[in-house]
Amino acid sequence: MSQNPTKHTKVLIIGSGPAGYTAAVYAARAMLNPILVYGSEPGGQLTTTTDVENYPGFADVIQGPWLMDQMKDQAKAVGTQMIEDHIDSVNLKSKPFEAVGDSGQKYTADSIIISTGAQARWLNLKSEQEFRGFGVSACATCDGFFFKEKEVAVVGGGNAAVEEAMFLTKFASKVKLIHRRDSLRAEKMLQKKLMENKKIEIIWDSVVEDVVGDTEPKNVKGIKIKNLKTNKIDEIKVDGLFIAIGHDPATSLFKEQLKMDKEGYLITKPDSTETNIPGVYAAGDVKDKTFRQAVTAAGMGCMAALEAEKHLSHK
């Protein structure tokens, strides 16, 4: 196999989605000729979201995959070079930075924007994946609105699960929080609020075994839950199921090179996307576990490109 010559760029963007595509638009318009390398799932988490009602600028409901296609086309139109490849290794210890794809392609860059995103953890049940987007969701802020006056269940026991359950009480008539243990990991203050909320019922020591629903039209009707102490299986009626057992940021590539927190999210300077290595920036869910919205990711992508441009002009 003949080796492709090394591709050099002023700005290498690793990962697509709202952060990567927005960074590409700004970098390309700044005449930095960016290369954006995207993996097998271009567009990230938004491509698994159907109805998007909260992205600014669209009065009508739009589709997540469509929005990502638009962003990709826009980045291309202003001069981004798009390459499908999976980055296997990076060397950020010397300049120019280096990245190698599993195609064997080598990339060198004067600056790097990391927008590899995060993935929600799922229960990995066949039925859960079948009903994803049809009553099963991993984002209450995205989808809670669709469950007005309906009954929903949330799986998890940490801060995220408790916050999702509380948020859902704004819409749902009843929220059942299902946790595999007999106590929650969430902060005490949050737990107190949860216990005081009349709309929330906690189901302890239990796991979801199966999601039950109709196929035509696709929608969730209930879930089967198993009590881990008694092994008894019950079916409960719910219209929606929210999985809140955490996210995994795609950062294993940068271990030992970039500062990250204990969960693996990249750490950036306050009010900045700059990592602990000057010239390397992180944008979107790869560094943000608080908001996780398309609009905040896009905002960070813009910041990263502007910071990269400033960095390069000072060199």
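Since we're looking at a predicted model, the values are computed, not measured.
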message: Please confirm whether the ring centroid of Phe242 lies under 6.0 Å from the ring centroid of Phe167.
response: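 No, ring centres 6.0 Å or more apart.
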Quick one: [atom1] on [X] to [atom2] on [Y], what's the gap to the nearest 0.5 Å?
X: Lys7; Y: Lys106; atom1: NZ; atom2: NZ; value: 14.5 Å
X: Glu201; Y: Ile178; atom1: CD; atom2: CD1; value: 9.0 Å
X: Asp110; Y: His8; atom1: CG; atom2: NE2; value: 3.5 Å
X: Ile62; Y: Leu67; atom1: CD1; atom2: CG; value: 4.5 Å
X: Met68; Y: Tyr38; atom1: CE; atom2: OH; value: 14.5 Å
X: Asp143; Y: Glu53; atom1: CG; atom2: CD; value: 9.5 Å

query: Would Asn33 and Gln81 count as a side-chain hydrogen bond (donor to acceptor under 3.5 Å, both in side chains) if you check the C-alpha gap in whole Å, the side-chain angles of each, and the deciding distance to 0.1 Å?
result: CA-CA 7 Å; Asn33 305 322; Gln81 190 185 343; over 6 Å; no
Consider only side-chain heavy atoms of I, L, V, M, F, W and Y, link residues closer than 4.5 Å, and tell whether [X] and [Y] are in one cluster.
X: Val162; Y: Val155; answer: no
X: Tyr281; Y: Phe291; answer: no
X: Val212; Y: Leu241; answer: no
X: Val220; Y: Leu125; answer: yes
X: Ile236; Y: Val207; answer: no

Does atom [atom1] of [X] have more than 12 heavy-atom neighbours, drawn from other residues, nucleotides or ligands, at distances under 6.0 Å?
X: Met189; atom1: CE; answer: no
X: Gln119; atom1: CD; answer: no
X: Asp271; atom1: CG; answer: no
X: Lys199; atom1: NZ; answer: yes
X: Tyr265; atom1: OH; answer: yes
X: Arg121; atom1: CZ; answer: yes
X: Lys174; atom1: NZ; answer: yes

SB check Lys269 Glu274 (cutoff 4.0 Å):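 Yes, charged N to carboxylate O under 4.0 Å.
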- prompt: Thinking salt bridges, do Lys192 and Glu196 make one under a 4.0 Å N-O criterion?
  reply: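 Yes, Lys192 and Glu196 are salt-bridged.
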message: For the residue pair Thr47 / Glu41, report whether a side-chain donor-acceptor contact shorter than 3.5 Å exists.
response: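 No, no side-chain donor-acceptor contact under 3.5 Å.
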task: List the atom of Leu168, the atom of Gly144, and the distance in Å for their closest heavy-atom pair.
output: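 Minimum heavy-atom separation between Leu168 and Gly144: CD2-CA, 3.6 Å.
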message: Restricting to non-hydrogen atoms, name the atom on Asn276 and the atom on Lys259 that form the minimum distance, rounded to 0.1 Å.
response: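 Distance-wise, the nearest heavy atoms are OD1-N, 2.8 Å.
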Within the side chain of [X], is there an N or O that forms a donor-acceptor pair under 3.5 Å with the backbone of [Y]?
X: Glu309; Y: Ala30; result: no
X: Glu98; Y: Asn91; result: no
X: Gln191; Y: Ala186; result: yes
X: Thr108; Y: Pro96; result: no
X: Lys218; Y: Glu130; result: yes
X: Thr273; Y: Met300; result: no
X: Glu263; Y: Asp261; result: no
X: Glu187; Y: Gly158; result: no
X: Ser111; Y: Lys10; result: yes
X: Ser173; Y: Lys150; result: yes

task: Kindly indicate, with the supporting measurements, whether the criterion side-chain contact (heavy atoms from CB on, under 4.5 Å) is fulfilled by Asn219 and Asp239.
output: CA-CA 8 Å; Asn219 66 326; Asp239 302 293; over 6 Å; no
message: Between Ile87 and Tyr107, does the side-chain contact (heavy atoms from CB on, under 4.5 Å) criterion hold? Intermediate values first, please.
response: CA-CA 9 Å; Ile87 300 292; Tyr107 307 87; 3.8 Å; yes
- request: Report the C-alpha separation of Phe145 and Asn54 in whole Å, then their side-chain angles, then the decisive distance to 0.1 Å, and conclude whether the side-chain contact (heavy atoms from CB on, under 4.5 Å) test is met.
  value: CA-CA 11 Å; Phe145 184 76; Asn54 55 10; over 6 Å; no
- request: With side-chain contact (heavy atoms from CB on, under 4.5 Å) as the test, would you mind laying out the steps for Thr296 and Thr290 before giving the verdict?
  value: CA-CA 10 Å; Thr296 46; Thr290 312; over 6 Å; no
query: With a 4.5 Å heavy-atom cut-off, do Ile202 and Leu194 have their side chains touching?
result: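 Yes, their side chains come closer than 4.5 Å.
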field: Within-4.5 Å side-chain heavy-atom neighbours: Leu184 and Trp204
entry: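 Touching, per the 4.5 Å side-chain cut-off.
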